[in-house]
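Inspection log for the structure reproduced underneath, given as structure tokens.
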Amino acid sequence: MVSLKMQKRLAANLLYCGKRKVWLDPYEAFHISMANSRMDIRKLVKDGVIIKMPNVTHSRRRVADDAKRNGYGKRKGTREARLPSKVLWMRKTRVLRRLLRKYREINKIDKHMYHHMYVKAKGSVYKNKRALVEAIHKAKIDHKATKNCFSPDYGYQSYRYCGYMERRKIE
């Protein structure tokens, strides 16, 4: 077997990698041994006789296992110190407010319903985004059922007041 140390070193330098990443074709060992300049090595790389091997991916299994080690014994701070309830409330509220803003901009809800839902979202009435969307659909269905109550004459009044106005019309 011919020594190809110099060729491997030159190839590593040309390919911008370590010597262990350089693969020399064992069937072309004689041709490679004749290459004694960087130009010759470049030609062999172009021909595919010398190849830069791909990076080996590093398994993250052990890291994933370590991530599970977070029982009571591993915890230093209280639950509140580790993830404050205020941060959770802020995240939830921002999501709900963003949704309300989007719905108002695309005219899915009017400004009165927006304000009504906004105040409720602030008071933690809605547990999550899905609950808010369901509440909006329910409110819109109720809104359609009593559409005349929400006409410009009355503004966005309560259902009780709306019923009162309906009874006054009948009498």
Side-chain angles (χ1 to χ4, degrees), residues 8-9 11-23 45-46 48 50-171:
K8 198 161 209 176
R9 180 182 61 77
N13 196 277
L14 284 171
L15 297 171
Y16 301 106
C17 64
K19 286 181 274 192
R20 66 190 296 263
K21 290 285 178 199
V22 175
W23 179 82
V45 168
K46 190 179 175 187
I50 298 174
I51 297 172
K52 179 181 178 180
M53 286 162 53
N55 288 339
V56 178
T57 54
H58 193 167
S59 171
R60 291 189 48 80
R61 187 186 62 79
R62 274 175 234 74
V63 177
D65 288 350
D66 283 347
K68 292 173 189 166
R69 293 179 187 163
N70 57 1
Y72 293 123
K74 293 285 181 186
R75 299 177 194 174
K76 288 287 186 181
T78 61
R79 178 193 291 169
E80 191 66 18
R82 287 162 65 89
L83 184 59
S85 56
K86 181 179 180 178
V87 170
L88 292 172
W89 183 84
M90 279 165 39
R91 283 181 193 168
K92 182 178 77 170
T93 307
R94 283 174 183 166
V95 167
L96 299 178
R97 286 177 179 177
R98 201 177 303 125
L99 180 80
L100 284 170
R101 214 174 303 124
K102 189 176 94 176
Y103 274 23
R104 184 183 60 185
E105 284 167 7
I106 61 174
N107 294 325
K108 270 197 173 182
I109 58 174
D110 62 342
K111 65 180 184 178
H112 304 292
M113 189 181 283
Y114 168 82
H115 182 70
H116 185 70
M117 298 287 180
Y118 185 96
V119 173
K120 280 189 167 185
K122 183 181 179 182
S124 298
V125 172
Y126 309 115
K127 189 170 83 171
N128 52 32
K129 195 172 171 180
R130 188 179 66 207
L132 176 59
V133 170
E134 286 173 6
I136 289 171
H137 287 312
K138 190 171 185 287
K140 285 176 85 174
I141 290 167
D142 292 348
H143 178 77
K144 282 181 184 172
T146 56
K147 191 163 189 157
N148 55 353
C149 301
F150 297 103
S151 67
D153 321 333
Y154 302 132
Y156 192 81
Q157 302 294 343
S158 68
Y159 297 121
R160 195 173 65 214
Y161 179 71
C162 174
Y164 168 74
M165 294 303 283
E166 287 300 312
R167 284 192 299 278
R168 277 191 59 193
K169 279 185 187 174
I170 294 168
E171 291 171 2

Rounded to the nearest 0.5 Å, what's the gap from [atom1] on [X] to [atom2] on [Y]? Could you check?
X: L100; Y: K108; atom1: CG; atom2: NZ; answer: 12.0 Å
X: K8; Y: W23; atom1: NZ; atom2: CH2; answer: 11.0 Å
X: K86; Y: T93; atom1: NZ; atom2: OG1; answer: 11.0 Å
X: K74; Y: R69; atom1: NZ; atom2: CZ; answer: 7.0 Å
X: I50; Y: L15; atom1: CD1; atom2: CG; answer: 7.5 Å
X: R101; Y: L96; atom1: CZ; atom2: CG; answer: 11.0 Å

Less than 4.5 Å apart, any side-chain heavy atom of [X] and any of [Y]?
X: V95; Y: N128; result: no
X: N13; Y: R9; result: no
X: H115; Y: K111; result: no
X: I109; Y: I136; result: yes
X: K127; Y: K92; result: no
X: K21; Y: N55; result: yes

Shortest non-hydrogen separation from [X] to [Y] and the atoms involved:
X: R91; Y: L83; answer: NH2-CD1, 4.1 Å
X: A139; Y: M117; answer: CB-CE, 3.7 Å
X: A135; Y: Y126; answer: CB-CE2, 3.4 Å
X: A81; Y: P84; answer: O-CD, 4.4 Å
X: R97; Y: K122; answer: NH2-CG, 3.9 Å

Decide if atom CZ of R82 counts as having more than 12 heavy atoms of other residues, nucleotides or ligands within a radius under 6.0 Å.
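Atom CZ in R82 is crowded, with more than 12 foreign heavy atoms closer than 6.0 Å.
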Does atom OH of Y118 have more than 12 heavy-atom neighbours, drawn from other residues, nucleotides or ligands, at distances under 6.0 Å?
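It does not: Y118 OH has 12 such atoms or fewer within range.
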Donor-acceptor under 3.5 Å (R75 side chain, N70 main chain)
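Present.
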